[in-house]
Amino acid sequence: MKTHVDLELGGTTYRLVPSPAALLEIAEKVGDPMHMTIDMGLAARAPSTARVFGVLRVALQASGHTLSDDEANTLLFRKGVGHLYEPYGEFLGALVNGGTVPEPSSGNRQERRAGKATARRSTG
């Protein structure tokens with residue numbers, strides 16, 4: 001059972017630890033983590049850069065890393081927002097899952113649905 005998310009920035013690995021303090025601070029400053037998690041599950045569109053940076057900045061600070069917002073923004077920018085979606089999603093998942101990082105499901109939603117439909121046809 002994984003209870004942290006590792007985020008590599010600028011050659012340093014930062015351990016992000018979900019906590020009640022991080023959950024509440026993200027809810028106050030960025031948005032409701034449960035709503036963000038549901039939005040990711042629906043996969044309607046990627047989260048905004050401001051939301052990704054905001055969540056990860058709070059995660060870094062709440063996990064005890066002493067980076068200013070400017071330092072964190074610079075490191076996150078250099079990583080590339082496209083490379084931040086996975087740790088963003090893992091951290092949010094852990095926040096709404098009692099501190100445990102959810103295990104990735106096998107395949108995407110469309111593949112799982114296709115598999116279920118095939119199973120129903122073959123057994124029906």
Side-chain angles (χ1 to χ4, degrees):
M1 169 172 33
K2 189 174 168 188
T3 58
H4 68 276
V5 175
D6 289 326
L7 176 61
E8 191 276 317
L9 297 172
T12 301
T13 300
Y14 295 90
R15 180 165 281 189
L16 308 179
V17 181
S19 66
L23 175 72
L24 294 173
E25 189 171 347
I26 288 169
E28 180 183 321
K29 292 182 176 179
V30 184
D32 187 298
M34 181 58 81
H35 291 161
M36 288 185 250
T37 303
I38 291 168
D39 287 346
M40 284 186 333
L42 296 175
R45 63 180 177 181
S48 71
T49 300
R51 181 165 275 184
V52 173
F53 274 42
V55 165
L56 293 176
R57 271 196 321 265
V58 170
L60 285 161
Q61 292 167 352
S63 298
H65 304 290
T66 55
L67 297 169
S68 71
D69 284 350
D70 287 339
E71 291 169 320
N73 285 341
T74 298
L75 289 170
L76 293 167
F77 173 77
R78 287 187 180 143
K79 178 75 172 185
V81 73
H83 298 285
L84 298 173
Y85 291 128
E86 185 175 339
Y88 162 85
E90 286 183 348
F91 191 75
L92 283 177
L95 285 177
V96 301
N97 197 35
T100 303
V101 178
E103 303 256 343
S105 59
S106 59
N108 66 32
R109 184 186 313 190
Q110 188 175 10
E111 290 170 345
R112 289 191 305 271
R113 285 183 180 164
K116 287 179 185 177
T118 301
R120 280 194 300 266
R121 283 193 300 269
S122 66
T123 59

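Note that the structure is predicted; figures quoted are calculated from it, not measured.
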* All pairs passing ring-ring contact (aromatic ring centres under 6.0 Å, His included) where residues 26-45 contributes a residue, at least two apart -> none
* To do: Mind listing the closest non-hydrogen atom pair of Gly54 and Val30 along with its distance?
  => C-CG2, 3.7 Å
* What residue pairs, at least two apart or across chains, pass salt bridge (Lys or Arg N to Asp or Glu O under 4.0 Å) with a residue in residues 78-89? -> Glu8-Lys79
* **Beyond-backbone contact of Thr66 with Gln61, side-chain heavy atoms, under 4.5 angstrom** => no
* To do: Of all the heavy-atom pairs spanning Pro102 and Gly93, show the shortest one and how long it is.
  => CD-C, 3.6 Å
* **Residue pairs passing the salt bridge (Lys or Arg N to Asp or Glu O under 4.0 Å) test where at least one lies in residues 9-32, sequence neighbours excluded** => Asp6-Arg15, Glu25-Lys29
* From the options Val58, Leu7, Val17, select the one residue that forms a side chain to side chain contact (heavy atoms under 4.5 Å, CB included) with Ser63. => Val17
* Asked: Between Lys2 and Glu90, does a salt bridge (charged side-chain N to carboxylate O under 4.0 Å, His left out) hold up when you go through it step by step?
  -> CA-CA 10 Å; Lys2 189 174 168 188; Glu90 286 183 348; 3.7 Å; yes
* Asked: Nearest 0.5 Å, what's the CZ-CG distance between Arg51 and Asp39?
  -> 6.5 Å
* Asked: For Tyr85, does the OH atom have more than 12 heavy-atom neighbours from other residues, nucleotides or ligands under 6.0 Å away?
  -> yes
* Check side-chain hydrogen bond (donor to acceptor under 3.5 Å, both in side chains) between Asn97 and all other residues, then give those that pass, not counting sequence neighbours. => none
* Asked: So, do Leu67 and Arg57 sit near enough that their side-chain heavy atoms are less than 4.5 Å apart?
  -> no
* Asked: With the 4.5 Å side-chain cut-off for hydrophobic clustering, are Phe77 and Tyr88 part of the same group?
  -> yes
* To do: Mind checking the OG-CG spacing from Ser68 to Asn73? Nearest 0.5 Å is all I need.
  => 8.0 Å
* **Heavy-atom check, side chain of Leu16 versus side chain of Leu60, under 4.5 Å** => yes
* Rounded to the nearest 0.5 Å, how far does CG of Leu75 lie from CG of Leu84? -> 10.5 Å
* Do Pro33 and Leu23 touch side chain to side chain, with heavy atoms closer than 4.5 Å? -> yes
* Structure fact -> Sequence neighbours excluded, the answer for side-chain hydrogen bond (donor to acceptor under 3.5 Å, both in side chains) partners of Thr13 is none
* Asked: Do the non-hydrogen side-chain atoms of Phe91 and His4 ever get within less than 4.5 Å of each other?
  -> no
* Go through the steps to decide whether Val5 and Val101 satisfy the test side-chain contact (heavy atoms from CB on, under 4.5 Å), and finish with yes or no. => CA-CA 8 Å; Val5 175; Val101 178; 3.8 Å; yes
* Structure fact -> Residue set satisfying side chain to side chain contact (heavy atoms under 4.5 Å, CB included) with Thr49, at least two apart, ordered chain then number -> Phe53, Val81
